[in-house]
Amino acid sequence: MEVRSCRGCGKLYNYLGPSTPACPACMAAMEEKFQVCKEYIRDNPGANIQKVADETDTSVKMIKQWVREERLTFAEGSVVGIECESCGASILTGRYCPACKFKMQQSFANASRRPSDPQKTQTKNDRDNKMRFLDR
Ligand SMILES: [Zn+2]
Ligand SMILES: [Zn+2]
């Protein structure tokens, strides 16, 4: 077991992995703030990230992290101030813009698709030709 000092309050706590970045008390407080932010954004669609941070007593940095994790989503037209990690376009949630996400999915699909077998196509054409010949 690893003991670390909490980055929130400085107290020592048992670090159990990346899911425990702070002590249990700070984790609970953070989760509470997350719920407050989430509700604030739901009730105030279009509010920009700075205003959400001010109104909910959170930091812009924390909100951005939740947005990157896709736990928070801002409404269309909000000023969030996070960019697509691939092309730099302004986005509302996650790490990539819809266009880059789509491109990534496409290249993934292409990579996993098996190349077409030209010989098979040839055989099928030959058979079709023969059949046409017999029909005559
Ligand atoms: Zn703490
Ligand atoms: Zn992009």
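Basis for what follows: all heavy atoms, side chains included, without hydrogens, waters or symmetry-related copies. In each ligand, atom 1 is the first atom listed, and ligand 1 is the first ligand listed.
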> About how large, to 10 degrees, is the angle SG of C9, then the Zn ion (ligand 1), then SG of C26?
110°

> So which residues get pulled into V3's cluster when ILVMFWY side chains under 4.5 Å apart are joined, directly or through others?
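When side chains under 4.5 Å apart are linked, the cluster holding V3 also contains L12.
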
> Go through the steps for N14 and E2 under the test side chain to side chain contact (heavy atoms under 4.5 Å, CB included), then give the verdict.
CA-CA 6 Å; N14 292 324; E2 196 183 337; over 6 Å; no

> Name all residues meeting the side chain to side chain contact (heavy atoms under 4.5 Å, CB included) criterion together with E32; count only those two or more places apart in sequence or in a different chain, and write none if there are none.
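Applying side chain to side chain contact (heavy atoms under 4.5 Å, CB included) to E32 gives none.
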
> Closer than 2.8 Å to the Zn ion (ligand 2), which protein N, O or S atoms?
C84 SG, C87 SG, C97 SG, C100 SG

> Sequence neighbours left out, what passes side-chain hydrogen bond (donor to acceptor under 3.5 Å, both in side chains) with R42? Give chain and number order.
none

> Do NZ/NE/NH1/NH2 and the carboxylate oxygens of E70 and K101 come within less than 4.0 Å?
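Yes, this pair counts.
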
> Going through the checks in order, is the side chain to side chain contact (heavy atoms under 4.5 Å, CB included) test met by V52 and F74?
CA-CA 10 Å; V52 176; F74 280 78; 4.0 Å; yes

